[in-house]
Visitor: 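One structure, pasted below without further comment.
No experiment lies behind these values; they were computed from the predicted model shown. All ligand and atom numbering here is 1-based and tracks the order in the structure.
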Amino acid sequence: MAWNILQALWLFLPAYVANMAPVFVAKILPRWNAPIDGGRVAADGNRILGPGKTWRGLVGGVVLGSMTAVVVALLAPHWDIMNGWDYGHAGYAGGLPGTPCTDCPQSSWAAVAITGGILGGMALVGDAVKSYFKRRRGIDRGGSWFPFDQLDFVVFGILGLLAASPILAPGWVFGALLADWSVLATLLVLTPALHLLVNRIGYWLGLKEVPW
Ligand code: CTP
Ligand code: MG
């Protein structure tokens, strides 16, 4: 079970990185702040998504999610230390130096990169969908809405993984997500806790304006 918790975090790393990406990209490219909603206002008088949801953030999430997935696949162990669910063998990709597993189903590197992009992109689509509902509830940009602020990218990230399933090694996504109940539990319960911790650190470091 301990392995499954680590596996779940490892599996979802592209979504975690993508979810943090917009804050960093905003620091690097502060002027590229074109909002996804184009500045439009809904019938209730509030912005459709708000100024915190930019194309820059979405694209940054796709690119960094994709890069993270490739790094995850490169660093994946090629020996069976993660009993039953081995990234190196049947994981995102395989065939790198280490212990080769010629019979195991492998994902192509292109599929890995695309999966990371989908996972990262979906994480931020979830973030934007969440903002839509925040605005409809009259919560301003940056206002807190627990637990949706924490879970948006997890739920949409899982949907992204399922969407990428056909291009990865057969059965791998379902095998990974359903390897043990603790995988989904980690994603749905541990992630919000980690999210709150990471945001607090980001606030202390001056990267985030609010501690949530
Ligand atoms: N960000 C961005 N583009 C996105 C998502 C986030 O540029 N698609 C940047 C914005 O600068 C945003 C910051 O990352 O302010 C923090 O993201 P988040 O907490 O998701 O946005 P909030 O500003 O809190 O807005 P909301 O209330 O709509 O969640
Ligand atoms: Mg926020």
Visitor: Counting each atom of ligand 1 from 1 as listed, which ones have a heavy atom of Lys130 under 4.0 Å away?
Guide: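 Answer for ligand 1: 29 (O).
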Visitor: I'd like to check the side-chain contact (heavy atoms from CB on, under 4.5 Å) partners of Asp140; sequence neighbours left out, ordered by chain and number.
Guide: none
Visitor: What protein heavy atom is closest to atom 23 (O) of ligand 1, reported as residue, atom name and distance in Å?
Guide: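 The closest one turns out to be Arg141 NE, 3.1 Å.
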Visitor: Might you point out which heavy atoms bring Val17 and Thr68 nearest each other, and give the distance in Å?
Guide: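 Of all heavy-atom pairs spanning Val17 and Thr68, the closest is CG1-OG1, 3.4 Å.
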Visitor: Which protein non-hydrogen atom lies closest to atom 28 (O) of ligand 1, naming both residue and atom, and how far is it?
Guide: Ser131 OG, 2.6 Å
Visitor: Which of the numbered atoms in ligand 1 are under 4.0 angstrom from any heavy atom belonging to Lys134?
Guide: 26 (P), 27 (O), 29 (O)
Visitor: Applying side-chain hydrogen bond (donor to acceptor under 3.5 Å, both in side chains), name anything that partners Asp149, two or more places apart in sequence or on another chain.
Guide: Lys130, Lys134
Visitor: Take atom CZ in Arg200; do more than 12 heavy atoms of anything else shown fall under 6.0 Å from it?
Guide: no
Visitor: Is there a donor-acceptor pair closer than 3.5 Å between any side-chain N or O of Arg47 and the backbone N or O of Ala42?
Guide: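 A pair under 3.5 Å: no.
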Visitor: Of the protein's non-hydrogen atoms, which lies at the shortest distance from atom 5 (C) of ligand 1, and what is that distance?
Guide: Gly52 O, 3.3 Å
Visitor: Could you tell me how the ring of Phe12 sits relative to the ring of Tyr16: parallel (under 30°), tilted (30 to 60°) or perpendicular (over 60°)?
Guide: perpendicular
Visitor: For the 3.5 Å polar cut-off, considering only N or O atoms, please tell me whether Asp127 and ligand 1 meet it.
Guide: yes
Visitor: Starting from atom 13 (C) of ligand 1, which protein heavy atom do you reach first, and at what distance in Å?
Guide: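 Checking every protein heavy atom, the shortest distance to atom 13 (C) of ligand 1 gives Val23 CG2, 4.1 Å.
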Visitor: What protein heavy atom is closest to atom 19 (O) of ligand 1, reported as residue, atom name and distance in Å?
Guide: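 Residue, atom and distance for the closest contact: Lys208 NZ, 3.4 Å.
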Visitor: Could you tell me, atom by atom, which parts of ligand 1 come under 4.0 Å of a heavy atom of Arg135?
Guide: 26 (P), 27 (O), 28 (O)
Visitor: Students should be able to answer this: which protein heavy-atom is nearest to atom 18 (P) of ligand 1, and at what distance?
Guide: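 The closest heavy atom on the protein side is Lys53 NZ, 3.7 Å.
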Visitor: Quick one: nearest non-hydrogen protein atom to atom 22 (P) of ligand 1, plus distance?
Guide: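 Protein heavy atom at minimum distance: Gly142 N, 3.8 Å.
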Visitor: To the nearest 0.1 Å, how far is atom 8 (N) of ligand 1 from its closest protein heavy atom, and which atom is that?
Guide: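 The closest heavy atom on the protein side is Thr54 O, 3.3 Å.
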Visitor: Quick one: does NZ or CZ of Arg136 land under 6.0 Å from the six-membered ring centre of Tyr132, within 45 degrees of the ring axis?
Guide: yes
Visitor: Of Val155, Leu9, Val154, Ile5, which meets side chain to side chain contact (heavy atoms under 4.5 Å, CB included) against Leu187?
Guide: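 Checked Val155, Leu9, Val154, Ile5 against Leu187; only one passes side chain to side chain contact (heavy atoms under 4.5 Å, CB included): Val154.
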